[in-house]
Amino acid sequence: MQKKKRSFWQWLKTYEGQKILTTILFLLVPVTCLILFTVIPAGNMVLFSFQERDRYGLDAKWVGLENYKTVFSNPDYFMTFKNSIYYLIGSFAQQALALLLASILCSKIKLRNFFKGVLFFPYMMNGVAVSLIFMRFFALGDGIVTQTGTVNTILQQLGMDPVKFLSDPSIANYCLVFISIWRYIGFDIVMYIGAIQSISSDIYEAADLDGANGWQRFRYIVFPSIKPIISLQLILAIKGAVSVFEIPYIITEGKFGTSTFVIKTHETGMVFQKVGLASAMAVVLLIIIIIVTLIQKHFFKESDEDKPSKKKKAQNGEVA
Amino acid sequence: MASVTDTQGGHKIKKRRRHYSPAQILVSFLKYLVLIIGCIMVFLPMVVIILGAFKEHKEFLSTGVFELPEKLYLGNFKEAFYKGDVSLGLKNTFIILIVSCIGTILTGTMTAFVVQRFDSLLSRTVKAAFLVATLLPNISMQVTVFQIVDKIGVYDSLWAPIILYVGTDIISIYIFIQFLSQISTSLDESAIVDGASYPRIYFSIILPLLRPAIATVLIIKMVGIYNDFYTANLYMPSNDLPVISTALYRFIGPYGAKWEIIMAGIIIAILPTLIIFLCLQKYIYSGLVSGSVKE
Amino acid sequence: MKFKKLLATALSLAMVATTLTACGSDDSSSSKAGSEAESGTSGEHVTLQVLTHRTDIIESGLLDELTDEFEKANNCTIEYVGYTDYANDVATRLSTEDYGDVLMIPDSVKLSDLGNFFAPFGSYDEYKELYQCADSKMFDNTVYGLPTALNVAGGILYNKQVFADAGITELPRTPDEFIGCLEAIRDNCEGVIPYYTNYKDASWTITQWQGLVVSASGNPSYEIDLLTEKGDLFDADVNGYYTVYKMLFDIFSDPTLIEADPATTDWEACKPAFGEGKIGCMVLGSWAVGQFQEAAGDNAANVGFMPMPNEIDGKINAQISADYCMGVNKHSDNVELAQKFVKWYVGESGLQVKENVIPALIGADYPEFMDAFNDVNLFVATTAPAELTGVFNTIDKDSEVGTWDGDTANFKIKLAEAAFAGEGEEAFNKIIEEVNSKWAATRDTVLAD
């Protein structure tokens, strides 16, 4: 016995033993967390989505595909995806605008860092603060109980009629999309600047020799080199568009036709405590996002083989 | 293109000063115009907030939104900071920030070390599990995560967001793995030759080498946590447990009649971000870019 | 080397932070631990934990002030724990065994589940002699909670001065007359909003309209009849849902009667504004009267409260119903004392008088504002027969009609937003038909079971 024990300790001192001990020690916390907060919830979510259950889970019933049927047949649920289209179109506009601003910022411009900083800063701002700022921005007060907001004050000073920005369903979503662009465009600009600046200056010089103008330079040099970044951004945009939550939740609480799928899921699961139905909604969202992610991975594999592999080779060469 | 040479010929300037054609001037005018419009769009919503925050209640109600305050009245800031729980919110946010950043870095780098450096069945399985987990969107699982957080008894305490920020941060682990895979194993090997143990290798070689990745993760993490509303709103509903986001959110009810105080609260909430942004601008840009590309 | 130092500082920081947070969480749980430890030694001085939604009167100190008397008489300490988002937070605590000793019973607990959470008080036959609405939290003839106060479920808050200025001398007796009053305010009073929707906070403000429904029907067994007679929920020929929500639709459809932008309203700001005579009317329960009187200050006398204007056979009707009911945790170590406390709180604490609300104790005096209800037929809804207990709620929940809810897909929100958009009668009929068919389908399956 003793002999065996000693050999166990000896074995621990070998690298083989250390390896196993370190593996177990180092992975204990992360793997526990992974199981607790990712594996079990994901499993439960799928399980619950076939059940009818409340928050207490007192008398859960199996209902088969009933919850999924509800999600797809009840317009109250699936119509909230319609609003994703606003955000999707908005983010396309956002990408175009970001690309324009990034190209401008990459040319010879005075105060470049100032402009870049100002345009980027909203991205760093607290989402609740942003929502409150825009509640004020778009408000239309009655002048009796509530005050009129910024835009309507300007409109009134210009002699125009005030607009119900947030309570007119045909405008409200555009306002919310505007806020989303305002908040996130800085990030895209910085991403594009990074991509544009990584283009080697040799190519530009060659283009200059050929007498290419600004547009041609963009069309034939910049655009092809940053295509992977654009495709990444677009896919992130789709992911973002289906999971919008914070801004409409705070500003309109999803009223006036501005509810989103995540707000609806939150309402179903947390307020009405229909955990089963909410889980089914979450699974639907999950599937959409997984599909989009797989598309993204696919695109990136292609571009990985294109360019960055060269970089890696160069690095290896340096090491050697 | 021809016109360019024409005009250049027209003006005869001998010095080596740069010379612009009308077309170029127009283009650069347009460039500045676009940038300035962009900046106005950013500033416009905020100007009203800044002006309003310095007005007294009566003044706020009686003056136009673009009118300058009579004097720099600081009472709103005081009230927002002390009565409006913003101070408590900031305190809680910073506690959560510090603990979860340290937690993320330790667990993230340790996982990356084991998964990337050891080639065993276990480490390969774990790596695969984490890769699959990156696909799962957090937001859609909240309904079920909520029940687990509730069951382990951390609901409505500072531990709930901390555990969630540390325990569900798969992106950071992913960034660390990516980064570590670009670091040559020759250093580890020479340390093994010298007889260093694995934990020692981790602490004295791997951790220091991962510094750039740690900086990236820290920046992404800090921006994310400071601005996160969802987690705190859901897991810490108690009034005495605000973070900065929920403290601000709860302003809407009781201070709805006093927007000048809400405005002061907004400014207090944004100020730390602004200061950090001004100091670390460069690192923030590069951190966010490298973080998201690797994602 | 430098990095090691950094790491060391980081680790020590982490330790500090951990102890800090540990202290922080200790703070909030210490009181709990204390109460458990003390209550273990029964017979001695005990502490009861009371969960309540009334954070306002905890903060103002009123509760503690009133409770002194009870604490002295019973050698105990009452510890109040307030929650702003009471229903949700307590629902979460209910999934454990630790949910205080005494608590307001959240409506999310089904009547049939009451016995799983709360200690019984006694039989309904005994309690109905003592308290009005003692059947609010009752199952199988057993009472599990007592109402802390009663409400006129729904009514209309109006500013007496504004009504006088508009030349209105008599309170309206039909929905049309009410709208006529609003029009008179619009035409005669400059700078007054005739009806304030509070729509920014619609998730709860819109549910106040539901309080008018049974009053408008004038029928104490209205909701039972809906089940037994299997009529449509919205029936133009029956007083009730149709009457109330048609009135909502008509008012909300006329932009000159409401504020400029229903997305920009402000609950806190509307209270003082109401006192200053800038608002004509709002649909709210009688619970709001006290709050508005307080905000009105010197103008408190202008705060008026009237019943749903729907005359039936020459009589105006108003339903009285229970506010939150207080129950006792069945896992409590001091059930008896806790129940004694509940009876004290409901009947003897004097809180109801201080707050100007209607007491549940039979024989106690009604508050002054109820004088306006002297000619009104006040009634309490009939208790459902055993086989129909909770059936209305089950249909309501399963069909997702949500009569008391204000979620974004709720029919009230749809009606209000169709009205704001000026979509007219057709949209109204379409929405109520949709609700009717959802309701009928679920009712038939539930009743068939």
Side-chain angles (χ1 to χ4, degrees), chain A residues 15 18-19 22-23 26-27 29-31 33-34 36-38 40-42 44-45 48 100-101 104 107 109 115 117-119 121-122 124-129 132-134 136-137 147 150 153 182 187 190-191 194 211 214 243 245-246 250 262 269-270 275 278-279 282 285-286 289-290 293 319, chain B residues 1 27 31 34-35 38-39 41-42 44-46 48-49 64-65 107 110-111 113-114 118 120 122-123 126 129-130 133 135-137 139-141 143-145 148 164 166-168 173 184 192 197-199 223 226-227 229-230 244-245 248-249 259 262 266 269-270 273 277 281 285 288-289 292:
Chain A
Y15 277 98
Q18 262 191 43
K19 215 176 219 177
T22 317
T23 306
F26 277 21
L27 288 185
V29 175
V31 170
C33 285
L34 183 76
L36 216 52
F37 299 115
T38 307
I40 297 179
N44 275 350
M45 181 172 71
F48 292 173
L100 174 71
L101 288 163
I104 292 176
S107 63
I109 283 283
F115 285 123
V118 169
L119 291 170
F121 187 64
M124 297 272 294
M125 279 167 61
N126 188 295
V128 179
L132 289 173
I133 289 173
F134 278 96
R136 212 51 226 162
F137 191 65
Q147 267 196 317
T150 314
T153 307
W182 185 89
F187 177 75
V190 169
M191 287 285 285
S243 42
F245 174 76
E246 195 171 74
I250 295 173
V262 178
M270 303 299 173
V275 173
S279 298
L285 185 66
L286 180 68
I289 291 183
I290 288 180
T293 313
V319 173
Chain B
M1 286 302 108
V27 167
K31 280 180 184 173
V34 170
L35 287 180
C39 289
M41 290 310 271
V42 171
L44 194 61
M46 292 201 273
V48 179
I49 305 293
V65 288
T107 56
M110 282 176 173
T111 315
F113 174 63
V114 171
F118 301 163
S120 70
L122 182 64
S123 72
V126 170
F130 275 110
L135 292 181
L136 303 174
I139 203 153
S140 70
M141 295 202 297
V143 177
T144 40
V145 170
I148 294 195
L164 285 173
V166 175
T168 60
I173 294 177
S184 139
I192 289 177
S197 66
Y198 276 120
V223 174
Y226 189 83
N227 292 339
F229 164 72
Y230 192 92
I244 190 68
S245 296
L248 263 189
Y249 180 64
W259 260 92
I262 298 185
I266 293 172
I270 293 176
T273 326
F277 174 67
Q281 218 167 347
Y285 293 143
L288 285 175
V289 171
S292 82

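What you are looking at is a predicted structure, and each value in this text was computed from that prediction instead of being measured. So you know, we letter chains A, B, ... as the sequences are listed, proteins then strands, and number each from 1.
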Tell me, side chain or backbone of [X] under 4.5 Å from chain B's heavy atoms, or both, or neither?
X        : result
A/Thr153 : side chain
A/Ile109 : both
A/Val29  : side chain
A/Phe137 : side chain
A/Pro30  : both

Any side-chain heavy atom of [X] within less than 4.5 Å of one from [Y]?
X        : Y       : result
B/Tyr198 : A/Thr23 : no
A/Met125 : B/Met46 : yes
B/Pro199 : A/Thr22 : yes

Exercise. Any donor-acceptor pair under 3.5 Å linking the side chain of B/Asn227 with the backbone of A/Met124?
Worked result: yes

Problem set entry | Any donor-acceptor pair under 3.5 Å from A/Asn126 side chain to B/Ile270 backbone | no

Among [options], single out the residue with the greatest number of heavy-atom pairs under 4.5 Å to chain A.
options                               : result
B/Pro45, B/Ser123, B/Cys39            : B/Pro45
B/Ile148, B/Thr107, B/Val48, B/Ile173 : B/Ile148
B/Thr111, B/Val223, B/Ile244          : B/Thr111

Shortest non-hydrogen contact from [X] to [Y]?
X        : Y        : value
B/Tyr230 : A/Glu246 : N-OE2, 4.5 Å
B/Trp259 : A/Leu132 : CH2-O, 3.6 Å
A/Cys33  : B/Gly167 : CB-CA, 3.5 Å

Problem set entry | Derivation of the side-chain contact (heavy atoms from CB on, under 4.5 Å) call for A/Phe37 and B/Val166 | CA-CA 10 Å; A/Phe37 299 115; B/Val166 175; over 6 Å; no

Side chain, backbone, both or neither: which part of [X] has a heavy atom under 4.5 Å from chain A?
X        : value
B/Val126 : side chain
B/Leu122 : side chain
B/Leu164 : side chain

Seminar exercise, completed: So CG of A/Leu27 and CZ of B/Phe130: to nearest 0.5 Å the spacing works out to 7.0 Å

Problem set entry | Winner by heavy-atom pair count (cut-off under 4.5 Å) against chain B, out of A/Thr150, A/Leu100, A/Val128 | A/Val128

Problem set entry | Full working for side-chain contact (heavy atoms from CB on, under 4.5 Å) between B/Tyr249 and A/Ile250 | CA-CA 8 Å; B/Tyr249 180 64; A/Ile250 295 173; 3.9 Å; yes

Problem set entry | Which residues share a side chain to side chain donor-acceptor pair (under 3.5 Å) with B/Tyr285, sequence neighbours left out | B/Gln281

For this session: Might you work through the side-chain contact (heavy atoms from CB on, under 4.5 Å) test for B/Ser120 and A/Lys19, ending with a clear yes or no?
Result: CA-CA 9 Å; B/Ser120 70; A/Lys19 215 176 219 177; over 6 Å; no

